[in-house]
Amino acid sequence: MSPHRRVLPLILACLTLVALAVTLSACGWSNDSKEAVEGESLQLGELKYIVTFSRYLNPNDTEDAAYLEGAQPAGKGESYFGIFFEIQNESDEPQKLPSQLTIEDADGNEYGRIANESIFGLPDTGEVEPEEQIPVLDSPAQQGPIEGAVAVFLLPEEASENRPLTLLIATPEGERGEVTLDL
């Protein structure tokens with residue numbers, strides 16, 4: 001067998017594997033997807049949302065107490081849950097922050113965001129300035145241990161049993177996206 005005949009099947013096999021890899025990597029993913037997982041970016045309108053971290057918050061912990069500034073004590077069977085964000089505006093115009101943030105569990109139960117007076121808190125109204133981000137650079141939230149602005153939720157104990165938990169984001173323009181949380 002000539003050397004050319006031995007190389008041709010190898011080249012065809014490599015090309016087939018490359019084509020297969022490209023096809024598989026594209027399955028279920030697109031740049032305009034309105035779904036993401038924690039740590040990935042989600043584009044809604046002109047804003048890019050990145051959930052950098054999510055976890056239960058312990059009001060008896062010094063760090064977590066700072067995230068819960070102004071919150072009432074959790075009731076029996078309830079726990080605070082924090083979702084830490086970075087929101088980037090890469091446009092030339094101010095963009096409004098999301099109008100609604102909700103956590104949904106696997107059973108379809110929904111839990112709304114609670115008011116947060118913390119300097120680390122994600123603002124519940126307002127705008128992201130052109131070419132800027134939330135948290136603002138050099139702010140306590142951006143310089144803090146998690147480097148994100150926190151949205152706080154009060155969840156019943158059973159919510160952690162009904163995983164996955166999904167963050168639902170609604171924009172003022174009516175666009176909706178979701179982020180599967182890593183809990």
Side-chain angles (χ1 to χ4, degrees), residues 18-19 21-57 63-71 80-105 110-155 164-183:
V18 168
V22 168
T23 301
L24 288 176
S25 68
C27 286
W29 182 86
S30 70
N31 288 335
D32 62 352
S33 175
K34 301 302 179 213
E35 297 178 9
V37 296
E38 189 171 318
E40 291 181 350
S41 66
L42 172 69
Q43 189 78 34
L44 292 176
E46 297 294 328
L47 294 178
K48 180 170 36 172
Y49 297 82
I50 302 170
V51 172
T52 56
F53 195 68
S54 67
R55 67 177 174 85
Y56 281 96
L57 301 173
E63 177 185 332
D64 290 1
Y67 301 137
L68 297 170
E69 188 73 31
Y80 288 109
F81 189 79
I83 300 177
F84 295 83
F85 283 89
E86 183 176 300
I87 303 173
Q88 299 173 349
N89 178 2
E90 298 172 348
S91 77
D92 296 335
E93 300 289 326
Q95 301 297 319
K96 291 183 181 178
L97 286 167
S99 58
Q100 187 176 6
L101 296 173
T102 308
I103 291 178
E104 182 179 70
D105 67 18
E110 292 189 2
Y111 310 98
R113 176 180 173 189
I114 64 169
N116 185 343
E117 298 173 10
S118 170
I119 60 172
F120 300 99
L122 177 70
D124 56 356
T125 60
E127 296 179 331
V128 183
E129 294 300 318
E131 305 293 330
E132 291 292 334
Q133 71 176 41
I134 299 287
V136 176
L137 294 176
D138 295 327
S139 68
Q142 196 268 331
Q143 295 289 320
I146 297 182
E147 299 177 4
V150 66
V152 178
F153 298 81
L154 190 58
L155 302 180
L165 297 181
T166 303
L167 173 68
L168 307 175
I169 302 170
T171 69
E173 295 79 25
E175 201 168 3
R176 298 189 181 279
E178 57 185 61
V179 178
T180 302
L181 302 173
D182 184 21
L183 175 66

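Note that the numbering runs from 1 along the sequence shown for the chain. In this text, all values refer to a predicted model and were calculated from it rather than measured experimentally.
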For D64, which residues count as a side-chain hydrogen bond (donor to acceptor under 3.5 Å, both in side chains) partner, sequence neighbours excluded?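 D64: side-chain hydrogen bond (donor to acceptor under 3.5 Å, both in side chains) contacts with R55.
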
side-chain hydrogen bond (donor to acceptor under 3.5 Å, both in side chains) with Y49: which residues, sequence neighbours excluded?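 Y49: no side-chain hydrogen bond (donor to acceptor under 3.5 Å, both in side chains) contacts found.
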
Qualifying residues under ring-ring contact (aromatic ring centres under 6.0 Å, His included), relative to F85, sequence neighbours excluded: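 Once residues adjacent in sequence are excluded, F85 has no partner under the ring-ring contact (aromatic ring centres under 6.0 Å, His included) criterion.
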
How many angstroms lie between atom [atom1] of [X] and atom [atom2] of [Y], to the nearest 0.5 angstrom?
X: Y111; Y: D105; atom1: OH; atom2: CG; answer: 4.0 Å
X: I50; Y: L42; atom1: CD1; atom2: CG; answer: 10.0 Å
X: F81; Y: L155; atom1: CZ; atom2: CG; answer: 6.5 Å
X: T166; Y: L181; atom1: OG1; atom2: CG; answer: 6.5 Å

Q43 side-chain N/O to G45 backbone N/O, donor-acceptor pair under 3.5 Å: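 Yes, Q43 side chain to G45 backbone: donor-acceptor pair under 3.5 Å.
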
Side-chain touch I87/L122, heavy atoms, less than 4.5 angstrom: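 Sidechains of L122 and I87: in contact.
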
Can you confirm whether E38 sits close enough to I83 that some side-chain heavy atom of one is under 4.5 Å from a side-chain heavy atom of the other?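 The answer is no; the side chains never approach within 4.5 Å.
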
Pair listing, side chain to side chain donor-acceptor pair (under 3.5 Å) test, anchored in residues 117-129, at least two apart: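 Side chain to side chain donor-acceptor pair (under 3.5 Å) check on residues 117-129 returns no pairs.
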
Which pairs count as salt bridge (charged side-chain N to carboxylate O under 4.0 Å, His left out) when at least one residue sits in residues 174-183, sequence neighbours excluded?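 The answer is K34-E175.
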
Please output the side-chain donor-acceptor pairs of residues 132-140 that fall under 3.5 Å, not counting sequence neighbours, one pair per line with the distance.
unit_1, atom_1, unit_2, atom_2, d
Q133, NE2, P135, O, 3.0
D138, OD1, Q143, NE2, 3.3
S139, OG, V136, O, 2.7
S139, OG, Q142, N, 3.3

In a check of side chain to side chain contact (heavy atoms under 4.5 Å, CB included) between L167 and each of T102, V51, T180, which one passes?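 Single pass found, and it is V51.
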
Before we go on, tell me: are the rings of F120 and Y67 under 6.0 Å apart, centre to centre?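 For F120 and Y67, the ring centres are under 6.0 Å apart.
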
When the side chains of residues 90-98 are checked against the rest of the protein, which donor-acceptor pairs come out under 3.5 Å, sequence neighbours left out?
unit_1, atom_1, unit_2, atom_2, d
E90, OE2, K48, NZ, 3.3
S91, OG, N89, OD1, 2.7
S91, OG, E93, N, 3.3
S91, OG, E93, O, 3.0
S91, OG, Q95, NE2, 3.2
Q95, NE2, E93, O, 3.3

Looking at every heavy atom in both G121 and N116, which two are closest together, and how far apart are they?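 Closest approach of G121 to N116: CA-ND2, 3.9 Å.
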
Candidate pair I103 and L168, rule side-chain contact (heavy atoms from CB on, under 4.5 Å), full reasoning: CA-CA 6 Å; I103 291 178; L168 307 175; over 6 Å; no

